[in-house]
Protein chains: 2
Amino acid sequence: MKRVRTVEWKRDRVVMLDQRLLPNREVYRLYKDPEDVIRAIKELVVRGAPAIGVAAAMGLALGARSLPEDRFAKDFERLCRAFAAARPTAVNLFWAIERMRRLVRENADRSVETIRTMLEREALAIHREDIEANRRLSEYGAALLPDRGSVLTHCNAGGLATGGIGTALGVILAARESGKKLSVFADETRPVLQGARLTAWELRKARVPVTVITDNMAGHFMQRGEISAVVVGTDRTAANGDVANKIGTYTVAVLAARHGIPFYVAAPTSSIDLACPTGAKIPIEERDPTEVSQFNGRPTVPSGVKVANPAFDVTPAELVTAIITENGVAKAPYKKSLARVVKPSNASPERTRIAATPRRGQRAQ
Amino acid sequence: MKRVRTVEWKRDRVVMLDQRLLPNREVYRLYKDPEDVIRAIKELVVRGAPAIGVAAAMGLALGARSLPEDRFAKDFERLCRAFAAARPTAVNLFWAIERMRRLVRENADRSVETIRTMLEREALAIHREDIEANRRLSEYGAALLPDRGSVLTHCNAGGLATGGIGTALGVILAARESGKKLSVFADETRPVLQGARLTAWELRKARVPVTVITDNMAGHFMQRGEISAVVVGTDRTAANGDVANKIGTYTVAVLAARHGIPFYVAAPTSSIDLACPTGAKIPIEERDPTEVSQFNGRPTVPSGVKVANPAFDVTPAELVTAIITENGVAKAPYKKSLARVVKPSNASPERTRIAATPRRGQRAQ
C-alpha cells in the first residue's frame, strides 16, 4: 500500500502535509527554519507521536545547518530544548531529540560540517526505522485480529501519525492484506476530530470500509455486538503498561472491558518509556480551550463559560489486552514483557530527564 | 429562579425559543400551523422529552381550531398520527398525544367548539403539570446530591428540555438553593452539542459554575476524582428501569459504575413507560448523518464516508443508582418501585400501540 507523505526530508528542507486542513484540502508545506517546525508541531500541522519524533529529528538536522561553528554544541543544545518544549506527552519527541543530542555529544571531536551530515543521516535513519517498525508491528498485530468483524479505533494512528503506514491503522491494513474481512468504526475524536478528518481520509484512500461515529456512540455499538476488537496508538506507554493516548482512549478501554472486547495498543518501542514507572508520571498536555469552545472560529459554548481541554488520558495496564511492538507482542505482566521487547538503549536516563522538565501549560497527572 | 420560556401558549399561538440558534442568538418563533410545530419538533427547534410533550399538546390544540366540524374526530386522529411520527424515542410525545386523543374520544357527544376549548385547557394542564413535576422531583433529587463537589450531566435536561425548571438541571439547581456547594461538568454532547450550547447557557444564566468538556473527557475527570455524582434526564424509561436517553448516556453510566460514582436519572412519570417491559423494546431514532458529518454546512468527514447517527442509547437498570420522579425516588428492583411511583392511568395500552408503530428511519433496539 502507498505511504502517506506525512513528513519528508527533501533537498535540505522539511516538507509536511498540513493536517489541519484535511480532509478538505491536501496542502504540503516547505520548512526552512527550525522555529517554524516547532510551531508546526505545536499547532498540529504534524501530530501523532512517531511523526512528531521524525519531524523533530528533521527539524534539528535543518537547524544544525545554520548554527555558527564557534558555538555549535551550545546552540544545538538550546535548539534541542526548544523542540522539547513543543509538546509534553508524546515521548517520541524526547526520544528523537536525545538520539540527535547524543550524536553531537559523542562526536564533539569531529568537524561541524561532518556532524551536520551525521545529523541529517540520523534523522533519515529515525524516519526509516519508523517505517520499518510500523511494518513489523502491523504484521504482529494483524495476527491478533479476528478473521471478520469491525474494529474500533480512536483518534488517528495511521500513516498521518507516523513516518510509515501507521501503527493502529497499520495493524488493520495488514490484517486486511492477509485476507481478514474487517471494517472499521472510527471515533471522530473531539475536539480536533482526528478520527473524522484523518482516519476516515486514510481509510477511504486505502478502500477500507469505515463508519465515522461520535465518541459517545462507541458504547452503544459495543452493546449491540457490532465491535469485535479495539486497536489504538499511544503517545507514551509507561514501564508498567499504563498507556497515555488521545483523550477518550480510557473511556473506550473501560467500555471494551465491560463488553469483553479485546483492547490492543499498537506501540513502536520508540513510544515506550521504561524510565517512566507508571501512567501517573506521564505529563498530560492541556491545550487551548478554543479547540473545544469554537468551531472554525464560531463559538459553540456561551462566552464566559469555562472549558477544559486535556489532550490525553491514561489507560491503566489492567484494561490493556496486549501491547503490539515491532519486536513482538507484550502481554501482562507488562513490567517484564515490555522490558523484553524494548531495546536497552531506549531507556536512557537523559530522555526522561528532559521529559520531566516542567513546562508552561503542562501539569503532571 | 426564573423559568426559561421554552414553549408557551400565547393568544391562540404556540411560541417557542429556537434552540438551534443558542447560545449565539435568542430567537422566539410564533407558530400558527400545527404542521410547522411538527417540523419544529423534527428539526430540534424544541427538544427534550417533556418539552416535546408540551409542544405536541399545544400543537394539537392549535390544529383543532381549524379542523372542519363535520369530520373533526377523524381529522384530529390524523393530526395525532402526524405528531406521533415526528420523533420515535421520547415517550412523552405519545403520552401527551394520548391525553389529547382520549379527551376527544370521551367527549364525542359535546360540540366541537367545546372540545376545542377543552383541548386548549388540557394542553395548558400538561404544561402546568410538567412545571409542577419538575419542581417536585428537583426537591426529591436535591436531597440525594452530596453537600459539595462536581456533578456531571450529559445533554440538556434543563428548562430548555421541559416546561419548567428542568429535570436533571432542576435537581442541581434545587440542591444549590438548599445550600449545597455544587459545580457542574457539562458534556458538550455531540453531535448537536446540547450540553455546550444549551446546558452551559442555562447554567450561566443561573450563575452556576460550569465547565464544558467533550464527551470523551468524562472518564478522565472521574479517574482524577473530580466528579462526585452524575444526573441525567431520560426520553423513555422502561418498566424494568432501563433508561433511554441521549446517545452517550450509557457510556457515562459505565464509567460512573467503574468509579463508584452514583448515577441518577431525573424522570418525571410522563417519561416512564410501564407498558414497555425493557430497554430492548424502545425504538432508537437514527437521525440525519449530516448532523455528524457537517458543522455549519462545512464537512468534517471526507465525502463518501459512512456516518452513523443514533440519537439515543439504553442504559441498563443495573447501572442506575436511583430514578427521581415527582412522586418520590425509585430504587432497584425497579419493576416494583417504578410501578409504585407512576400513576396507573399513565400506562395505557394505546400509548404503547402508537409508540410501537414502525416508522421510516427508525429501528427497534
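Reminder, nothing fancy here: chain letters follow the sequence lines and each chain counts from 1.
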Which residue out of [options] racks up the most heavy-atom pairs below 4.5 Å with chain A?
{"options": "B/Pro191, B/Ala186, B/Pro299", "value": "B/Pro299"}
{"options": "B/Trp201, B/Phe185, B/Phe295", "value": "B/Phe295"}
{"options": "B/Gly195, B/Ser303, B/Ser293", "value": "B/Ser303"}
{"options": "B/Ala257, B/Gly248, B/Pro302", "value": "B/Pro302"}

For A/Val305, the option from B/Val210, B/Thr199, B/Thr211, B/Leu203 that meets side-chain contact (heavy atoms from CB on, under 4.5 Å): B/Val210
Spatial distance of atom CG (B/Asp313) from atom CZ (A/Phe221) [nearest 0.5 Å]: 10.0 Å
Pairwise side-chain contact, A/Leu319 with B/Arg258, heavy-atom cut-off 4.5 Å (strictly under): yes
Test item: B/Met217 and A/Pro310 side chains (from C-beta on) under 4.5 Å apart, heavy atoms: yes
Pairs of heavy atoms under 4.5 Å with chain B: top-ranked of A/Thr300, A/Asp215, A/Val292, A/Ile213: A/Thr300
For chain B, the option from A/Thr214, A/Thr249, A/Leu22 that forms the most heavy-atom pairs under 4.5 Å: A/Thr214
Under 4.5 Å from any heavy atom of chain B - which part of A/Leu193: side chain
Heavy-atom proximity to chain B below 4.5 Å, by part of A/Arg197: both
Residue B/Lys306 excluded, over 12 heavy atoms near NZ under 6.0 Å: no
Whether A/Asn216 side chain and B/Arg190 backbone form a donor-acceptor pair below 3.5 Å: yes
Under 3.5 Å: donor-acceptor pair, side chain of B/Glu188, backbone of A/Val301: no
Heavy-atom pair with the smallest gap, counting every atom of A/His220 and B/Tyr250: N-CD2, 4.2 Å
Exercise: identify the closest heavy-atom pair between B/Val314 and A/Gln223: O-NE2, 2.8 Å
